[in-house]
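Report on the structure given below.
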Amino acid sequence: PDRPPGEDGGSGTGVGDETAEFGQLVSVAQGPRLGIGMDSCVIPLRHGGLSLVQTTDFFYPLVEDPYMMGRIACANVLSDLYAMGITECDNMLMLLSISQKMNEKERDQVMPLMMKGFRDAAEEAGTSVTGGQTVINPWIIVGGVASVVCQPNDFIMPDSAIPGDVLVLTKPLGTQVAVNAHQWLDIPEKWNKIKLVISREEVEQAYQEAMLNMATLNRTAAALMHKFNAHAATDVTGFGIIGHARNLAQQQKNNVAFVIHNLPIISKMAAISKAGGNLFGLLQGTSSETSGGLLICLPREQAARFCAEMKSSRAGDGQQAWIIGIVEKGNRCARIIDKPRIIEVPYRGSVVSAQEGSNNNASPPEVQLT
């Protein structure tokens, strides 16, 4: 895909970059308001104790399949709502930038597929795309806006972690490494750095796994946050797991610190990172993710049941979740221990085989770009 400099691991900050999160939770007369600093804004409305929860996000394409890119973009936008335990979305807008470098035939092939992927993911989430904006730009950009009007018990403010909680993650890390390794199959000087630790077939499998994970909605996890009394959550995207853990820690009302002991990573991506000379900082938690999982603070006694229910076909369609750390007393910071346990998360198969072997809620078959 056509991307600006840095998207291949060069001078830029990599896949999944997003605007800086630097605000804080504040209290207002009408009730809690969440502004710049976390995943969504929560704005108390004038009517009946309701709040408007809204978020926006967009980025450059990172996979070659335009249909899957549309699904990933939609899932990424919705994750900001899911991180607050919100399972319903009232409306979505789509933001789309068409590259001026594309000819008319390329536009007619690529952009409808991307828009269809976005709309299909929105439909899976129980919402619809009612409008948006399309512009011409040097690069393709895709994203959107998600909005919902909520009652107070519909969402979980991300500020109530307590010492003794545990940290749970609902998708494996390593999407940036997987996507870039797939690009490097055709770049000999980069492929030569990693070919001793992974085969071409394994790179393709990891790429398919990353694409499937990124296109998966975090909606099940959002629903289970209510059932298992989650105290706070965020989604893991452009700042890597440690960046988002630190940002979440800073929002807490209590004096707590997050300590991460385990890193679930797509199989072989840790080896690639090491072979590439600490590639993207994956093992330090700084590698960007796109449409990553939710990082959730749960009561210790509830965490194992949460993970089990995520994995059950009844609730989570086989999605996994891992207990990765603890919440202890501290000064609203987060860290990864010196030698974290690396959990190698096996490939579940390609997008196509996953569709063939599962139920109607699975991701759709891959659409090849010709």
Side-chain angles (χ1 to χ4, degrees), residues 3-22 39 57 59-60 62-63 72 76 79 167-184 187 189-198 202-203 206-207 209-211 213-214 234-250 257-295 322 324-325 332-345:
R3 289 186 296 273
E7 288 295 309
D8 63 350
S11 59
T13 51
V15 176
D17 294 333
E18 52 189 60
T19 53
E21 298 177 348
F22 52 85
D39 298 301
D57 207 346
F59 47 70
Y60 307 104
L62 63 152
V63 300
I72 291 166
N76 189 67
S79 279
L167 303 173
V168 169
L169 182 66
T170 66
K171 290 184 186 180
L173 307 171
T175 56
Q176 183 180 32
V177 178
V179 167
N180 280 275
H182 188 260
Q183 294 173 1
W184 295 349
I187 307 175
E189 61 269 27
K190 293 191 175 183
W191 171 244
N192 289 337
K193 294 180 180 179
I194 64 173
K195 66 180 182 180
L196 296 180
V197 299
I198 192 168
E202 288 171 328
V203 168
Y207 174 73
E209 180 69 17
M211 191 159 52
N213 284 329
M214 290 186 289
T234 188
D235 63 329
V236 179
T237 51
F239 300 126
I241 189 167
I242 192 62
H244 288 283
R246 286 170 176 161
N247 191 57
L248 183 62
Q250 291 169 4
F258 299 163
V259 183
I260 297 172
H261 296 263
N262 305 318
L263 295 175
I265 297 175
I266 297 170
S267 182
K268 294 295 185 78
M269 297 305 99
I272 289 179
S273 182
K274 292 176 182 177
N278 189 30
L279 193 63
F280 305 117
L282 177 62
L283 304 183
Q284 286 69 45
T286 59
S287 184
S288 297
E289 306 292 334
T290 297
S291 189
L294 301 188
L295 177 64
W322 300 266
I324 66 165
R332 298 183 179 88
C333 61
R335 65 182 177 89
I336 299 174
I337 63 171
D338 289 339
K339 295 181 179 180
R341 174 190 172 210
I342 305 302
I343 302 173
E344 293 277 335
V345 180

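- The two residues L282 and S273 come nearest to each other via the heavy atoms CB-OG, 3.6 Å.
- Using a 4.5 Å cut-off on side-chain heavy atoms (C-beta onward), S287 and L173 make no contact.
- In this structure, the side chain of N76 does not engage the main chain of I72 through any donor-acceptor pair within 3.5 Å.
- Of all the heavy atoms in G240 and V236, the pair that sits closest is C-CG1, 3.9 Å.
- Under a 3.5 Å cut-off, the side chain of T234 and the backbone N or O of L295 do not form any donor-acceptor pair.
- Put simply, the side chain of E289 gets close to the backbone of T175: a donor and an acceptor are under 3.5 Å apart.
- The shortest side-chain heavy-atom distance between Q176 and T290 does not fall under the 4.5 Å cut-off.
- Within the 4.5 Å cutoff, the side chain of W184 has heavy atoms near those of the N180 side chain.
- In this structure, G292 and T237 approach most closely via the heavy-atom pair N-CG2, 4.1 Å.
- Between M214 and L62, the closest side-chain pair of non-hydrogen atoms falls below 4.5 Å.
- Not a single donor-acceptor pair under 3.5 Å links the side chain of H261 to the backbone N or O of I337.
- Using bins of under 30°, 30° to 60° and over 60° for the plane-to-plane angle, the ring pair Y207/H182 lands in the parallel bin.
- Here the side chain of K193 pairs no donor or acceptor atom with the backbone of G277 at under 3.5 angstrom.
- Contact check for P172 versus N213: side-chain heavy atoms found under the 4.5 Å cut-off.
- Counting all heavy atoms, side chain and backbone alike, S288 lies closest to G238 at OG-O, 2.8 Å.
- Looking at S291 and K171, their side chains come closer than 4.5 Å, going by heavy atoms from C-beta outward.
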